[in-house]
Amino acid sequence: MSFGPGVDLSYSPDESKIEYYFNGAYFLPATSVGTGLVYDNNSSSTEATLTQKTSLIGLSLGARYFFTDRTENDFNAYAAANANFVFGNTTSSYSNVPQGYSPAYNDGSSGKSSQVMVGLGIGVEYNLGSGNIFAEAQIRFPASSYNSRTGYADDVQIPAHPWFSVGYRFSFGGGNGY
């Protein structure tokens with residue numbers, strides 16, 4: 001689990017029910033510790049401690065549908081749908097490796113991966129005049145992935161997961177904070 005800052009740019013052609021958006025977010029690095037296989041010269045394997053540090057950047061294109069007319073109400077609820085492009089970099093290191101064994105990849109190696117996800121969610125916002133405070137919850141589902149180490153679809157995908165976002169949206173035009 002990770003969190004980080006993001007920017008959301010949105011456009012509403014009629015300032016009422018439909019809004020299109022693009023957002024980007026940087027997720028602070030997350031570290032996981034588990035086990036990984038290491039091998040000797042005879043291809044025999046055993047386990048060693050594997051530490052992975054992952055950094056992610058996410059970009060989304062989507063739309064929000066507001067259940068009420070935003071120009072007439074300060075409190076609004078909406079449904080959201082989007083396509084998410086996630087780019088990651090993972091650095092792996094091994095410890096507690098038995099003598100004569102080594103990892104399949106160089107210790108300290110890194111790999112880049114990317115994944116397309118689809119998100120569906122709901123949210124609420126409250127108009128403060130110069131912008132809106134908001135809270136949004138989504139479920140994001142994997143659609144495809146790529147791993148630079150293998151050159152193929154990743155065998156380990158980011159699984160379906162909840163996504164939570166809270167913040168303040170500044171208004172740079174339009175009326176009534178939109």
Side-chain angles (χ1 to χ4, degrees), residues 1-33 51-92 110-148 153-178:
M1 183 176 202
S2 184
F3 64 96
V7 175
D8 185 299
L9 302 172
S10 59
Y11 172 72
S12 181
D14 62 3
E15 297 182 0
S16 61
K17 293 233 179 200
I18 300 287
E19 177 178 84
Y20 304 100
Y21 67 91
F22 168 80
N23 68 33
Y26 170 76
F27 300 92
L28 299 174
T31 301
S32 62
V33 178
T51 302
Q52 294 185 308
K53 184 176 181 180
T54 303
S55 299
L56 297 172
I57 293 176
L59 302 174
S60 298
L61 288 172
R64 296 180 183 105
Y65 174 79
F66 290 84
F67 300 118
T68 58
D69 187 334
R70 298 169 66 199
T71 59
E72 297 176 5
N73 301 291
D74 286 336
F75 181 81
N76 298 287
Y78 60 86
N82 54 45
N84 308 283
F85 306 92
V86 181
F87 305 94
N89 185 42
T90 300
T91 302
S92 302
S110 65
K112 296 187 182 312
S113 59
S114 60
Q115 186 159 341
V116 176
M117 302 193 79
V118 175
L120 300 172
I122 57 172
V124 293
E125 69 177 19
Y126 184 75
N127 181 5
L128 297 175
S130 62
N132 305 293
I133 56 173
F134 72 92
E136 187 172 313
Q138 292 187 12
I139 298 291
R140 292 194 168 174
F141 303 94
S144 71
S145 62
Y146 174 79
N147 184 321
S148 67
D154 219 341
D155 55 348
V156 178
Q157 295 186 359
I158 298 172
H161 61 277
W163 170 277
F164 302 101
S165 181
V166 294
Y168 185 83
R169 292 187 184 117
F170 293 95
S171 176
F172 294 106
N176 208 25
Y178 301 106

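Residue numbers count from 1 along this sequence.
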Between atom [atom1] of [X] and atom [atom2] of [Y], what is the distance when rounded to the nearest 0.5 Å?
X	Y	atom1	atom2	answer
Q115	R140	CD	CZ	11.5 Å
L56	L28	CG	CG	10.5 Å
E125	I133	CD	CD1	10.0 Å

Between [X] and [Y], which heavy-atom pair has the shortest distance, and what is it?
X	Y	result
A81	Y21	O-OH, 4.0 Å
P29	S55	CG-OG, 3.5 Å
G119	Q138	CA-OE1, 3.7 Å
V166	A135	CG1-CB, 3.9 Å
F141	A160	CD2-CB, 3.9 Å
G58	F27	N-CE1, 4.0 Å

Is any side-chain heavy atom of [X] less than 4.5 Å from a side-chain heavy atom of [Y]?
X	Y	value
E136	Y78	yes
F134	N132	no
L59	F87	yes
V33	T51	yes

_Can you tell me which residue among N82, N84, D8 is in a side-chain hydrogen bond (donor to acceptor under 3.5 Å, both in side chains) with S60?_
N84

*Could you tell me whether F170 and Y168 have their ring centroids closer than 6.0 angstrom?*
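Between F170 and Y168, the centre distance is under 6.0 Å.
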
*asked:* Assess the residue pair I139 and L120 against the criterion (side-chain contact (heavy atoms from CB on, under 4.5 Å)); give the C-alpha distance rounded to whole Å, side-chain angles, the decisive distance to 0.1 Å, and a yes or no.
replied: CA-CA 6 Å; I139 298 291; L120 300 172; 5.8 Å; no

*Indicate yes or no for a side-chain donor-acceptor contact from S12 to the backbone of I18 under 3.5 Å, with no hydrogens or angles considered.*
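Yes.
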
_Contacts of type side chain to side chain contact (heavy atoms under 4.5 Å, CB included), residue T68, not counting sequence neighbours_ =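 Once residues adjacent in sequence are excluded, the partners of T68 under the side chain to side chain contact (heavy atoms under 4.5 Å, CB included) criterion are N73, N76.
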
_For A77, all residues meeting side chain to side chain contact (heavy atoms under 4.5 Å, CB included), sequence neighbours excluded_ = F67, V124

*Taking the inter-plane angle between the rings of F75 and Y126 on a 0 to 90° scale, is it parallel (under 30°), tilted (30 to 60°) or perpendicular (over 60°)?*
tilted

